[in-house]
Chemist: 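A single structure is presented below for examination.
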2 protein chains.
Amino acid sequence: MTSERQPTPGFAREIELLWGLKEAPRRGPRPKLSREAIVDTAIALADAEGLEGVSMQRVAKELGYTTMSLYRHVDSKEDLLALMSDAAVKGMPVPEPRTDGDWRAGVEEWCRSAITIYRAHPWAVHIPLSGPPGGPYGLRWMEAGLRELVASGLRADEAIQTLMLLACTLRDALRIENDMRRTAAERGMSLEESTRMWAQSVRRVIDPREFPTISRVFEEGVFEEEPTETADPGPAEDIDFPVQRILDGIEAYVRDRKAGGDAP
Amino acid sequence: MTSERQPTPGFAREIELLWGLKEAPRRGPRPKLSREAIVDTAIALADAEGLEGVSMQRVAKELGYTTMSLYRHVDSKEDLLALMSDAAVKGMPVPEPRTDGDWRAGVEEWCRSAITIYRAHPWAVHIPLSGPPGGPYGLRWMEAGLRELVASGLRADEAIQTLMLLACTLRDALRIENDMRRTAAERGMSLEESTRMWAQSVRRVIDPREFPTISRVFEEGVFEEEPTETADPGPAEDIDFPVQRILDGIEAYVRDRKAGGDAP
DNA sequence: CTAGAACCGTGTACCACGCACACAGATATA
DNA sequence: TATATCTGTGTGCGTGGTACACGGTTCTAG
């Protein structure tokens, strides 16, 4: 068997990528560049200028290397983004296992942690999830959340689905908030101003007979609220409601199942 | 007041875009191309080849025009995508208002409708939502869902948040399913095969001491299931669980509020 | 009726990006 | 020491979005 570099028969090469599972080269010059350095500067760039600031040329320039040198350590830009995604949750403060049995508080704490790192790396929510995490840091993150959810009484597969639901919800909410804030800033207004303008435009354009419910909602003055919040970024205004409803749902679900029998 | 074409002072130019609010030109040759034709062929292209098949050059070629001619009718590709997003939900079969008071059934029907059009236009879930819909079709869609949610007893703003939560959840689930199915197909396997391979790779790589919960989950043989479903695409396998939990949560929430007082 | 304003679609070009490929120098194995 | 193997470089291709100036067309004002 001559060691031919097979491109990983398909067996989840993603895992191989994220865990850095390559046999180290035996010959040739010692590499000055490293995959880690590339990912780090890419992340620094994204933190500073957003995802659209991350191009292969830009990352290379930042490092003082040629564009093509990156491809020695990373197969494609897609791979780089995957590595960035995993590394983004590296600094996540993983909650300790709880001693009281309060799984709900545990999940809430997990959500707050997630929000914290996503606020530290806003670009991360713009890289769409494509399944459960596979990298070392992503799995650590998953482990922490899964622990609490399993404690709630969910079955394993249900816990995973719920975790994905929570993760997607957090990410969507943060992404939308980011987007809206950014486009508002482009027009030189605050988020609240922009929202109010948007609401007025919609209101002018819709026919109350065709859109009775929406009209009524506008009548009630949603979107007109003053920023009653104390802090600017707040802990998690619009994120709290959906998360709480999901947790309500889980709570009701496990309670009902415990009460009733477990028929097929 | 000379009619200077102001670029819409910022007042939600998105609405103006989506509703086609431009005063018709009074001079010049009759346009042969139309915004509608552009959007239609772009959608046809996306249906056939996915979003990455949609480039300005490609759309123009399909129509038999020059690339730049499109920019007479559409300000940018971003705008084209926004128009496509709105038009995608055009064919949505909007459920009739219910006569029984079963709001939960109403919301479920709304979700099924959404899934139907998203399956008809898989690319649509890859254009990220950036807030509540603003176009005529999107608002029609919103109206239908909002009607049922308001009937449940939610406040107006809560209903909107819930609707966004549901929409995001449906879209995320469908997008992830699409993505996973596509990457599996690229490696020449079915979705189930690919998932199993992935699970095996992860399992090989993680330390049970560091990832006790995940290890246990793998031990239980999640990801190993045979496709016990009857139909191939099924109505909504992985989508049903999260949606039901959310609805459980709403139900519990409105019930609890009705029971307790409404203290601040 | 005619001049010019307003508008349509075209042609040309620019720039950014991802990446293929061949190469020169470095290095460890045989 | 010869040689296979590896590292970073340079060059260049193809594709994508879009700015800009232009010739031709149509409506309106004088």
Side-chain angles (χ1 to χ4, degrees), chain A residues 1-7 17 20 22-39 41-42 45-46 49-84 123 126-127, chain B residues 1-7 17 20 22-39 41-42 45-46 49-84 123 126-127:
Chain A
M1 253 193 224
T2 57
S3 78
E4 298 171 359
R5 176 67 53 90
Q6 299 219 147
L17 197 225
K22 305 271 178 199
E23 61 281 26
R26 301 256 141 266
R27 290 217 251 278
R30 238 163 255 89
K32 270 186 63 77
L33 243 183
S34 73
R35 171 174 296 181
E36 206 194 339
I38 294 174
V39 174
T41 69
L45 225 66
E49 307 179 20
L51 255 198
E52 70 274 4
V54 177
S55 70
M56 298 306 269
Q57 4 234 354
R58 191 67 203 290
V59 173
K61 180 178 299 183
E62 219 71 13
L63 282 161
Y65 285 85
T66 330
T67 305
M68 289 314 293
S69 62
L70 304 185
Y71 284 93
R72 184 72 51 186
H73 307 270
V74 161
D75 278 351
S76 65
K77 184 173 185 182
E78 213 185 321
D79 281 10
L80 175 56
L81 288 175
L83 289 163
M84 289 172 68
W123 49 267
H126 291 272
I127 303 178
Chain B
M1 255 193 223
T2 55
S3 78
E4 296 171 1
R5 177 66 51 89
Q6 299 217 147
L17 199 225
K22 305 270 178 196
E23 61 278 26
R26 300 257 138 266
R27 291 215 249 280
R30 234 162 258 91
K32 272 182 62 76
L33 243 183
S34 74
R35 171 174 295 182
E36 206 194 340
I38 293 174
V39 174
T41 69
L45 223 66
E49 307 178 22
L51 255 197
E52 70 275 5
V54 178
S55 70
M56 297 307 267
Q57 4 235 353
R58 191 69 204 288
V59 173
K61 181 178 298 183
E62 218 72 15
L63 283 161
Y65 285 86
T66 329
T67 305
M68 288 315 291
S69 61
L70 304 185
Y71 284 92
R72 185 71 56 181
H73 307 269
V74 161
D75 278 352
S76 66
K77 185 174 185 181
E78 213 184 322
D79 280 10
L80 175 56
L81 289 176
L83 288 163
M84 289 172 67
W123 48 268
H126 291 271
I127 304 179

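Here is the naming used below: chain letters follow the sequence lines, and residue numbers restart at 1 for every chain. No experiment lies behind these values; they were computed from the predicted model shown.
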Chemist: Using a cutoff of under 3.5 Å, can you pull out all pairs of nitrogen or oxygen atoms linking the protein to nucleotides 24-30 of chain D, with atom names and distances?
Modeler:
unit_1, atom_1, unit_2, atom_2, d
dT26(D), O2, Gly28(B), N, 3.4
dC27(D), OP1, Arg30(B), NH2, 2.6
dC27(D), O3', Arg26(B), O, 2.8
dT28(D), O4', Arg27(B), NH1, 2.9

Chemist: With a 4.0 Å cutoff (strictly under), does any side-chain N or O of Thr66(A) reach OP1 or OP2 of dT9(D)?
Modeler: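 Checking Thr66(A) against dT9(D): at least one side-chain N or O falls below 4.0 Å of OP1 or OP2.
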Chemist: Rounded to the nearest Å, what distance is computed from the CE atom of residue Met68(A) to the P atom of nucleotide dT7(D)?
Modeler: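 Checked: the CE to P distance equals 14 Å.
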Chemist: Is there any protein nitrogen or oxygen under 3.5 Å from a nitrogen or oxygen in nucleotides 14-17 of chain D, and what are the pairs?
Modeler:
unit_1, atom_1, unit_2, atom_2, d
dG17(D), OP1, Lys77(B), NZ, 2.5
dG17(D), OP2, Met56(B), N, 2.9

Chemist: Quick one: Arg72(B) CZ to dG9(C) C1', roughly how many Å, whole number?
Modeler: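 The distance from CZ of Arg72(B) to C1' of dG9(C) comes to 7 Å, rounded to the nearest Å.
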Chemist: Expressed as a whole number of angstroms, how long is the span from Asp75(B):CG to dA19(D):C1'?
Modeler: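 To the nearest whole Å, that distance equals 13 Å.
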Chemist: Taking OH from Tyr65(A) and C1' from dT7(D), how many angstroms apart are they, rounded to a whole number?
Modeler: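 The answer, rounded to whole Å, is 10 Å.
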Chemist: With a 4.5 Å cut-off on side-chain heavy atoms, are Leu70(A) and Leu63(A) touching?
Modeler: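 Heavy-atom side-chain distance check passes, below 4.5 Å.
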Chemist: Check the distance between dC19(C)'s C1' and Leu80(A)'s CG and give it to me in whole angstrom.
Modeler: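 It is 14 Å, rounded to the nearest whole Å.
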Chemist: Which atom names give the shortest non-hydrogen contact between Tyr65(B) and Lys32(B), and what distance separates them?
Modeler: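 So the two residues come closest at OH-CE, 3.1 Å.
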Chemist: Which pair of non-hydrogen atoms, one from Ser34(B) and one from Ala37(B), has the smallest distance, and what is that distance?
Modeler: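 Looks like OG-N, 3.0 Å.
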Chemist: Side-chain donor-acceptor pairs under 3.5 Å in residues 51-60 of chain B, sequence neighbours left out?
Modeler:
unit_1, atom_1, unit_2, atom_2, d
Ser55(B), OG, Arg58(B), N, 3.1
Arg58(B), NE, Glu62(B), OE1, 3.4
Arg58(B), NH1, Glu49(B), OE1, 3.0
Arg58(B), NH1, Glu49(B), OE2, 3.1
Arg58(B), NH2, Glu49(B), OE2, 3.2

Chemist: Please name the pair of heavy atoms, one in Tyr71(B) and one in Ser76(B), separated by the smallest distance, quoted to 0.1 Å.
Modeler: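 Heavy atoms of Tyr71(B) and Ser76(B) come nearest at CE2-CA, 4.0 Å.
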Chemist: Working to the nearest 0.5 Å, report the span between CD1 of Ile38(A) and CG of Leu33(A).
Modeler: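 If we round to the nearest 0.5 Å, Ile38(A):CD1 and Leu33(A):CG are 5.0 Å apart.
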Chemist: Specify the closest pair of heavy atoms between Gly20(B) and Arg35(B), including all atoms of both residues, with the distance to one decimal.
Modeler: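 That closest heavy-atom pairing would be CA-NH1, 4.2 Å.
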Chemist: Tell me the interatomic distance from Lys22(A), atom NZ, to dT5(D), atom C1', rounded to whole angstroms.
Modeler: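 One finds 17 Å between C1' of dT5(D) and NZ of Lys22(A), rounded.
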Chemist: Can you measure Asp79(A) atom CG to dG18(C) atom P for me and round it to whole angstrom units?
Modeler: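 So the CG-P distance, Asp79(A) to dG18(C), works out to 13 Å.
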Chemist: I want to confirm an ordering. Mapping Leu70(B) and Gly53(A) to their closest nucleotides on DNA chain C, which one lands closer to the 5' end?
Modeler: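 Result of the comparison: Leu70(B).
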Chemist: Under the salt bridge (charged side-chain N to carboxylate O under 4.0 Å, His left out) definition, can you give me all pairs with a residue in residues 68-83 of chain B, not counting sequence neighbours?
Modeler: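 Residue pairs passing salt bridge (charged side-chain N to carboxylate O under 4.0 Å, His left out), neighbours aside: Arg13(B)-Asp75(B), Arg13(B)-Asp79(B).
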Chemist: Measuring to OP1 and OP2 of dG9(C), would you say a side-chain N or O of His73(B) lies under 4.0 angstrom away?
Modeler: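 Answer yes for this pair, as a side-chain N or O of His73(B) is under 4.0 Å from OP1 or OP2.
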Chemist: Are Val74(B) and Leu17(B) packed together at the side-chain level, in the sense that at least one heavy-atom pair is separated by less than 4.5 angstrom?
Modeler: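 Of all side-chain heavy-atom pairs linking Leu17(B) with Val74(B), none is under 4.5 Å.
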Chemist: From CD of Glu78(A) over to C1' of dC19(C), roughly how many Å is that when rounded to an integer?
Modeler: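 These atoms are roughly 14 Å apart.
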